[in-house]
Enquirer: 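Right, I'll just put the structure down here and ask away after.
In what follows, every chain begins at residue 1, and chains take the letters A, B, ... in the order their sequences are listed.
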Amino acid sequence: MLQVSYIRDNREQVLERLAVKNFKQVNLVSEVIELDDKRRSTQTSLDNTSAEANAAAKQIGELMRAGKKDEAEGLKAKTGTWKEDIKRLGDQLAAIEEELYQKLVLLPNLPHSSVPKGLTPEENEVVLENGAKPNLPESALPHWELAAKYSLIDFELGVKITGAGFPVYKNKGAKLQRALINYFIDEAEKAGYSEVMVPLMVNEASGFGTSQLPDKEGQMYFVNEDNLYLIPTAEVPITNMYRDVILKGEDLPMKNCGHTPCFRREAGSYGAHVRGLNRLHQFDKIEIVQVAHPDKSYEVLEQMSLHVQGLLQNLGLPYRVLRLCGGDMGFGSALTYDMETWSAAQQRWLEVSSVSNFESFQSNRLKLRFRNAEGKTQLAHTLNGSALALPRIVATLLENNQTEKGIKIPEVLVPYTKFEWID
RNA sequence: GGAGAGGUGUCUGAGUGGUCGAAAGAGCACGCCUGGAAAGUGUGUAUACUUCAAAAGGGUAUCGAGGGUUCGAAUCCCUCCCUCUCCGCCA
């Protein structure tokens, strides 16, 4: 959520930035400012009336104690109008604040100045490409066929137990999952992220805090009985650890990592591109999260991007880094890098990570602040990224590393898998 | 699931209708004291809003959340949420 004070002070710039995200409801900006004007004047009237009423109440108390009952009664008689006014103004204020909030949550975050204008994924900017794409023989198989051939993943069994998009990992397929999880967590800890294990269900307040709600309500599984949402990413519980928190300036940056399954309804996405591991309802992911000083958050973003790239390099996967264009960015993000690996058998790029700086968009909702050098509270910046999401890594690994002998496990993983080949 | 107790500031904890944004202690910060430290001592120590104000400061709101009673609510009433204890169930 954007800060109203910022919108007020930088109206033209806000409009300009929103245009980069192709945001159409530009009149919301002036509506927000008008409502805030109304809010302020109503608040002032309410405050003044309350002050009068408070003073009178105090005086009545004093008169009562002094035994001047008549005077007190006289004063009491006058309080009626104030009471009515306070009630009326209070209701008005609540209504205005609600309306303001409803409009405010419709405004996406402002994109960073480096974000390219654009509508579709094709307009994302390729920042860099790294690693050689393997040349596979004609007989190369896509990962879903490899998974069946080596008995690594049973999609049909998952359908029986739950439904499409909930695969069962078996044998070396299951072990590969655990190996990747442990490897990614170990690497994150080496980079200074402290591990947390968090709940897989969150309440409404947490969903709002990281702006999945109300924006992506339909994308989350919802447990009606208890009013809880299954997490679509560990970003939600991990970032919400810092909800309603005032950090000390010297505590920044806070760095956490965690592994969780992620649950996504992915309503409406079917077809050839979602075969196999390409898109699932449940998958495992290691998330890295930082709470940073506003002056440092873009440095931190680069550092997180490099961390993710390091993992991909270590796994020997060809990858590229995209700077998302305004139209392809998430609602709350100011700058997002997507990392994609080249899936040689499918001949396409697969998104395996997304690293974003939310600046103060989330922290404004979270009320996540720190005490700055002047001792004042200030909104911190939040960042997060996948490091990494497993399924497409597995897909690319299986496809790119297939040989006649079997599938070669990358060296860095062998201490974790304890086998070198899937055969 | 059944029965009971309770939610106050960074923490402990007082406060059952006015003088309460809230005693006291601890912690923390700064100062004094000290060769240095401890002890001692003094001061300070919530958040938000504010078309009041240059600032100091002032006003308003907040004692789990929301509503109500009252001239006046941390205190009384209602609803909800949460925590703890005992019983039941249980990895």
Enquirer: Choosing from B:G18, B:U51, B:A48, which nucleotide comes nearest the side chain of A:Thr377?
Expert: B:A48

Enquirer: Taking only the P atom of each, what is the distance from B:C49 to B:A55 in whole angstrom?
Expert: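 About 16 Å, rounded to a whole number of Å.
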
Enquirer: Do any side-chain nitrogens or oxygens of A:Arg369 fall under 4.0 Å of OP1 or OP2 in B:U47?
Expert: no

Enquirer: Does NZ in A:Lys117 sit with more than 12 non-hydrogen atoms of other residues, nucleotides or ligands closer than 6.0 Å?
Expert: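 Yes, because the 6.0 Å sphere around NZ of A:Lys117 holds more than 12 heavy atoms from other groups.
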
Enquirer: NA contact type, A:Ile60, heavy-atom cut-off 4.0 Å: base, sugar-phosphate, or nothing?
Expert: base

Enquirer: Rounded to the Å, how far apart are A:Asn227 CG and B:C80 P?
Expert: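 It works out to 15 Å between those atoms.
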
Enquirer: What's the CD1-P distance between A:Ile96 and B:A61, to the nearest Å?
Expert: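 A:Ile96 atom CD1 is separated from B:A61 atom P by 18 Å.
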
Enquirer: Who is the Watson-Crick or G-U wobble partner of B:G4, with both distances under 3.5 Å?
Expert: B:C84

Enquirer: Give me the distance, rounded to whole Å, that separates B:C84 from B:A29 when you measure between the C1' atoms they each carry.
Expert: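 Going atom to atom, C1' in each nucleotide, I get 35 Å.
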
Enquirer: For B:A37, give the paired nucleotide (Watson-Crick: N1-N3 plus N6-O4 or O6-N4; G-U: N1-O2 and O6-N3; both under 3.5 Å), or none.
Expert: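 For B:A37, the partner nucleotide comes out as none, under the 3.5 Å rule.
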
Enquirer: Do any side-chain nitrogens or oxygens of A:Lys87 fall under 4.0 Å of OP1 or OP2 in B:G68?
Expert: yes

Enquirer: Going by an N to O cut-off under 4.0 Å, is there a salt bridge joining A:Asp37 and A:Arg8?
Expert: yes

Enquirer: If we call it a pair only when both distances are under 3.5 Å in a Watson-Crick or G-U wobble match, what pairs with B:C30?
Expert: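 WC or wobble partner is B:G42.
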
Enquirer: If the cut-off is 4.0 Å, is A:Asn203 near the phosphate of B:C82, judged by side-chain N/O to OP1 or OP2?
Expert: no

Enquirer: Could you measure between the two P atoms, the one in B:G67 and the one in B:A14, and give it in whole Å?
Expert: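 My reading of the P atoms in B:G67 and B:A14 gives 29 Å.
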
Enquirer: Nearest whole Å is fine: how far is B:C82 C1' from A:Asp244 CG?
Expert: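 Spelled out: CG on A:Asp244 to C1' on B:C82 is 15 Å.
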
Enquirer: Please classify the nucleic acid contact of A:Ser50 as base, sugar-phosphate, or nothing, using heavy-atom distances under 4.0 Å.
Expert: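 It contacts sugar-phosphate atoms only.
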
Enquirer: Determine the contact category for A:Arg8: base if any of its heavy atoms lies under 4.0 Å from a base atom, sugar-phosphate if only primed atoms, P, OP1 or OP2 are that close, otherwise nothing.
Expert: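 Result for A:Arg8 = nothing.
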
Enquirer: Within 45 degrees of the axis of the six-membered ring of A:Phe419 and under 6.0 Å from its centre: does A:Lys172 put its NZ or CZ there?
Expert: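 Geometry flag: set, cation within 6.0 Å and 45°.
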
Enquirer: Over how many whole Å does the gap from A:Gln59 atom CD to B:U19 atom C1' extend?
Expert: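 In whole Å, B:U19 C1' lies 15 Å from A:Gln59 CD.
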
Enquirer: Mind checking if A:Ile246 touches a base, just sugar-phosphate, or nothing, with heavy atoms under 4.0 Å?
Expert: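 Sugar-phosphate, no base atom in range.
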
Enquirer: Using atom CG of A:Asp9 as one end and atom P of B:U51 as the other, report the distance to the nearest whole Å.
Expert: 11 Å

Enquirer: Starting at CG of A:Asn48 and ending at P of B:U51, how long is that distance when rounded to a whole Å?
Expert: 12 Å

Enquirer: Any side-chain N or O of A:Lys76 below 4.0 angstrom from OP1/OP2 of B:U70?
Expert: no

Enquirer: So does A:Lys408 have more than 12 non-hydrogen atoms from other groups sitting under 6.0 Å from NZ?
Expert: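 More than 12 heavy atoms, drawn from other residues, nucleotides or ligands, come within 6.0 Å of this atom.
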
Enquirer: Mapping A:Ala55 and A:Lys58 onto RNA chain B by nearest heavy atom, which one lands closer to the 5' end?
Expert: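 With A:Ala55 and A:Lys58 compared, the 5'-side residue is A:Lys58.
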
Enquirer: Whether A:Arg40 contacts B:C52 is assessed here as follows: a side-chain N or O lying under 4.0 Å from the phosphate OP1 or OP2. Is that the case?
Expert: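 For A:Arg40, the contact criterion (side-chain N or O under 4.0 Å from OP1 or OP2 of B:C52) is not met.
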
Enquirer: Between B:C82 and B:A24, how far apart are the two C1' atoms, rounded to whole Å?
Expert: 28 Å

Enquirer: In this structure, are over 12 heavy atoms from other groups packed under 6.0 Å from A:Glu73 atom CD?
Expert: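 More than 12 within 6.0 Å, yes.
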
Enquirer: Would you say a side-chain N or O of A:Arg39 is under 4.0 Å from OP1 or OP2 of B:U50?
Expert: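 For B:U50, OP1/OP2 do have a side-chain N/O of A:Arg39 under 4.0 Å.
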
Enquirer: Look at the side chain of A:Thr44 and decide which nucleotide, out of B:C52, B:U51, B:C71, has an atom nearest to it.
Expert: B:C52

Enquirer: Does B:A22 have a Watson-Crick or wobble mate here (both distances under 3.5 Å), and if so which one?
Expert: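 Checking every strand shown, B:A22 finds no partner, since no pair has both distances under 3.5 Å.
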
Enquirer: Assuming nearest nucleotide by heavy-atom distance, tell me which of A:Asp47 and A:Ser41 is located more 5' along RNA chain B.
Expert: A:Ser41

Enquirer: Among A:Ile7, A:Val26, A:Asn10, which residue satisfies the side-chain contact (heavy atoms from CB on, under 4.5 Å) criterion with A:Leu15?
Expert: A:Val26

Enquirer: For A:Ala56, report the nucleic acid contact type (base, sugar-phosphate, nothing); a contact means any heavy atom under 4.0 Å.
Expert: nothing

Enquirer: Pair A:Thr382, A:Gln290 - check side-chain contact (heavy atoms from CB on, under 4.5 Å), show working.
Expert: CA-CA 6 Å; A:Thr382 59; A:Gln290 291 207 39; over 6 Å; no

Enquirer: Rounded to whole angstrom, note down the C1' distance from B:G13 over to B:A74.
Expert: 14 Å

Enquirer: Using whole Å, report how far CG of A:Leu93 lies from P of B:U50.
Expert: 11 Å

Enquirer: In whole Å, what separates the C1' atom of B:G17 from that of B:U69?
Expert: 12 Å

Enquirer: Could you identify the nucleotide paired to B:A14, looking across every strand shown and requiring Watson-Crick or G-U wobble geometry with both distances under 3.5 Å?
Expert: none

Enquirer: When rounded to the nearest Å, what value does the distance between C1' atoms of B:G72 and B:G18 take?
Expert: 6 Å

Enquirer: For the C1' atoms, the ones on B:U83 and on B:G42, what distance do you get once it is rounded to whole angstrom?
Expert: 40 Å

Enquirer: Do NZ/NE/NH1/NH2 and the carboxylate oxygens of A:Asp36 and A:Arg39 come within less than 4.0 Å?
Expert: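 So A:Asp36 pairs with A:Arg39 through a salt bridge.
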
Enquirer: Determine which nucleotide pairs with B:U47, using a 3.5 Å limit on both distances of a Watson-Crick or G-U wobble pair.
Expert: B:A61

Enquirer: From CG of A:Asn54 over to P of B:U60, roughly how many Å is that when rounded to an integer?
Expert: 5 Å

